**Q** 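The structure is given below, and queries will be raised subsequently.
Treat the numbers as computed from the prediction; the structure is a model and nothing was measured.
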Amino acid sequence: MGEVEKTLLAHGVKPTAQRVVIAEYVLHTHSHPTADEVLQAVSERLPVLSRATVYNTLHALVEAGVLRE
């Protein structure tokens, strides 16, 4: 289990494949990406990822305290 998965679990977030890929990108970038930028950046790894999933995941990560808005 990787660090991102452990971080999600520690914050009470189930580490689904989509959440892990999105969290990895956001936690390892030095910019403050928009949801559309996140979608574009991770679409190669998860080509069927929807914009709604990105928004919902980012919201869940903020609510859990993993990310700041």
Side-chain angles (χ1 to χ4, degrees):
M1 183 177 294
E3 289 301 312
V4 171
E5 289 93 341
K6 290 178 185 176
T7 299
L8 294 179
L9 285 172
H11 285 87
V13 178
K14 184 177 177 182
T16 64
Q18 295 88 346
R19 289 176 179 169
V20 170
V21 170
I22 291 168
E24 282 176 346
Y25 175 74
V26 175
L27 292 171
H28 293 109
T29 187
H30 295 289
S31 66
H32 187 87
T34 65
D36 286 330
E37 290 169 338
V38 173
L39 177 61
Q40 184 177 10
V42 301
S43 65
E44 190 171 301
R45 288 180 65 187
L46 294 170
V48 296
L49 189 67
S50 71
R51 178 176 280 117
T53 299
V54 172
Y55 275 100
N56 291 336
T57 299
L58 291 173
H59 179 74
L61 296 176
V62 169
E63 289 295 310
V66 178
L67 301 176
R68 287 183 289 150
E69 195 165 354

**Q** Does P15 reach the side chain of L9, with side-chain heavy atoms less than 4.5 Å apart?
**A**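 Of all side-chain heavy-atom pairs linking L9 with P15, at least one is under 4.5 Å.
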**Q** Any non-hydrogen side-chain atom of E24 less than 4.5 Å from a side-chain atom of V42?
**A** no
**Q** Would a 4.5 Å heavy-atom cut-off, applied to side chains only, mark V26 and L61 as touching?
**A**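 No, too far: nothing below the 4.5 Å cut-off.
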**Q** Would you say that L67 contacts L27 through its side chain, given a criterion of any heavy-atom pair below 4.5 Å between the two side chains?
**A** yes
**Q** I'd like to know if the side chain of S43 and the backbone of Q40 have a donor-acceptor N/O pair within less than 3.5 Å.
**A**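 Yes; at least one donor-acceptor contact below 3.5 Å.
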**Q** Any donor-acceptor pair under 3.5 Å linking the side chain of T29 with the backbone of Y25?
**A**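 Flag not set: sc T29 to bb Y25 has no pair under 3.5 Å.
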**Q** Taking all non-hydrogen atoms of both residues into account, name the closest pair between R45 and V21 and its distance.
**A** NH2-CG2, 3.6 Å
**Q** If I compare all heavy atoms of R68 with all of H32, which pair ends up nearest, and what's the gap?
**A** O-CE1, 4.3 Å
**Q** If hydrophobic clusters are built by linking Ile, Leu, Val, Met, Phe, Trp and Tyr wherever their side-chain heavy atoms come under 4.5 Å apart, do V62 and V13 end up in the same one?
**A**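 In one cluster with V62: V13, yes.
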**Q** Could you give the distance from OG1 (T53) to CZ (R19), rounded to the nearest 0.5 Å?
**A**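 That separation rounds to 10.0 Å.
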**Q** Specify the closest pair of heavy atoms between A23 and L8, including all atoms of both residues, with the distance to one decimal.
**A**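 Of all heavy-atom pairs spanning A23 and L8, the closest is CB-CD2, 4.3 Å.
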**Q** To the closest 0.5 Å, what do you measure between CD1 (I22) and OH (Y55)?
**A** 12.0 Å
